[in-house]
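Just so you know, ligand 1 is whichever comes first in the structure, and atom 1 is the first atom listed for that ligand. Values below: every heavy atom of this structure, side chains too, minus hydrogens, waters and symmetry copies.
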Amino acid sequence: MAVALIVAAGRGERLGFDRPKALVTVGGRPMLEWSVDALRAVTSVQEIVVALPSDAVAAAPADTTGVAGGWARSQSVRAALRAAGDGDPVIVQDAARPLAPTQLFCDALDELERSGADAVIAAAPVSDTIKQVGDDRRTVTHTLDRTCLWAVQTPQVFRRAALESALYEASEATLAAATDDAWLVEQAGGEVRVILAPAENLKITTRLDLKLAELLLAEREPVDRTR
Ligand code: CTP
Ligand code: MG
């Protein structure tokens with residue numbers, strides 16, 4: 001059986017509300033709850049742990065375990081993993097991606113099982129050409145080959161042993177620098193595979209993203225909240 005970790009401990013500074021981003025309302029409910037619902041519909045998920053800011057742990061939804069996150073994202077993942085029971089594999093989901101469909105979690109788990117890899121991550125080929133720009137933030141120094149570039153998202157699913165050793169053996173500096181846990185598994189020599197994420201799986205960073213998410217969630221079937 002799987003355990004799911006939702007990281008929701010960021011402050012959401014770029015979104016700019018007076019509450020943590022995961023608790024900002026989108027589609028009529030706190031952003032975090034969309035991911036909780038998607039994960040509840042995955043039959044192999046036995047437990048959901050949510051990392052929240054230390055002053056907002058009480059906002060963890062019913063039937064989830066709330067824990068205080070860390071000051072960097074991977075520290076929040078580590079705190080949630082430490083609080084989790086013995087489920088394996090481990091699903092990591094950003095609360096900032098409320099549109100991740102249940103099918104994407106299921107596809108990632110199936111690919112982990114089928115491939116024997118250490119991690120499977122949702123990702124999408126980039127549509128913009130990516131250039132490196134120098135420290136002056138003006139001069140182009142290099143243009144990357146777009147055909148092999150994928151933008152990484154969540155969900156990310158891991159064999160528990162691979163994620164534990166990556167998170168528990170990394171230095172605090174490495175954890176602070178990691179914007180993606182699969183990178184930590186790669187650093188430890190693990191095999192990481194991608195699956196194609198649907199275009200709707202956007203991350204809410206700015207007010208524009210929030211507007212887009214509102215439009216997309218308005219098209220979803222109403223959720224039965226009496227369950
Ligand atoms: N996150 C976390 N703990 C942190 C930092 C981030 O759990 N110390 C989570 C966020 O809650 C979010 C996800 O990681 O679900 C992706 O982070 P990001 O989009 O950067 O969210 P914030 O850090 O909240 O936003 P900002 O960087 O604008 O403050
Ligand atoms: Mg952040």
Side-chain angles (χ1 to χ4, degrees), residues 3-27 29-40 47-61 64-84 90-101 104-105 108 119 121-124 150-158 163 166-168 170-185 197 200-214 216-217:
V3 60
L5 316 178
I6 303 180
V7 281
R11 286 277 159 204
E13 279 169 17
R14 289 167 289 181
L15 195 60
F17 281 85
D18 59 357
R19 73 183 93 159
K21 181 162 75 179
L23 304 178
V24 167
T25 302
V26 59
R29 56 211 301 240
M31 192 182 300
L32 166 63
E33 291 189 10
W34 292 99
S35 290
V36 171
D37 269 10
L39 282 160
R40 280 198 181 121
E47 182 185 10
I48 301 174
V49 182
V50 185
L52 284 152
S54 54
D55 57 357
V57 175
T64 69
T65 305
V67 295
W71 62 268
R73 184 185 171 286
S74 288
Q75 291 168 329
S76 297
V77 176
R78 188 177 60 183
L81 185 58
R82 282 204 169 118
V90 180
I91 302 167
V92 178
Q93 165 68 357
D94 283 356
R97 293 193 188 269
L99 287 139
L104 186 58
F105 294 93
I121 64 181
W150 289 59
V152 166
Q153 308 178 4
T154 65
Q156 304 196 343
V157 301
F158 300 88
L163 184 62
L167 284 173
Y168 297 163
S171 67
E172 290 303 311
T174 304
L175 279 193
T179 52
D180 146 62
D181 309 296
W183 175 69
L184 297 170
V185 172
E200 73 195 81
N201 190 31
L202 60 91
K203 188 171 95 160
I204 297 182
T205 306
T206 64
R207 297 282 175 126
L208 177 63
D209 302 326
L210 193 63
K211 280 188 187 164
L212 275 174
E214 288 285 5
L216 293 167
L217 288 169

In sequence, state the C-alpha distance, the side-chain angles, and the governing distance for R73 and D94, and then conclude on side chain to side chain contact (heavy atoms under 4.5 Å, CB included).
CA-CA 9 Å; R73 184 185 171 286; D94 283 356; 2.8 Å; yes

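Remark: T205 pairs with no residue by the side-chain hydrogen bond (donor to acceptor under 3.5 Å, both in side chains) rule, at least two apart or across chains. Listed by chain and number, the residues in a side-chain hydrogen bond (donor to acceptor under 3.5 Å, both in side chains) with R78 are E172 (sequence neighbours excluded).
Although no hydrogens or angles enter the test, the distance criterion places a donor-acceptor pair under 3.5 Å between the side chain of S76 and the main chain of G70. A donor-acceptor pair under 3.5 Å links the side-chain atoms of D209 to the main chain of T206, judged by distance alone.
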Could you tabulate the donor-acceptor pairs under 3.5 Å formed by side-chain atoms of residues 14-21, not counting sequence neighbours?
unit_1: R19; atom_1: NH1; unit_2: L23; atom_2: O; d: 3.4
unit_1: K21; atom_1: NZ; unit_2: I204; atom_2: O; d: 2.7

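Within 4.0 Å of ligand 1, the residues that place a heavy atom are V7, A8, A9, G10, R11, G12, E13, R14, K21, G70, W71, A72, R73, S76, D94, A95, A96, K203, listed by chain and number.
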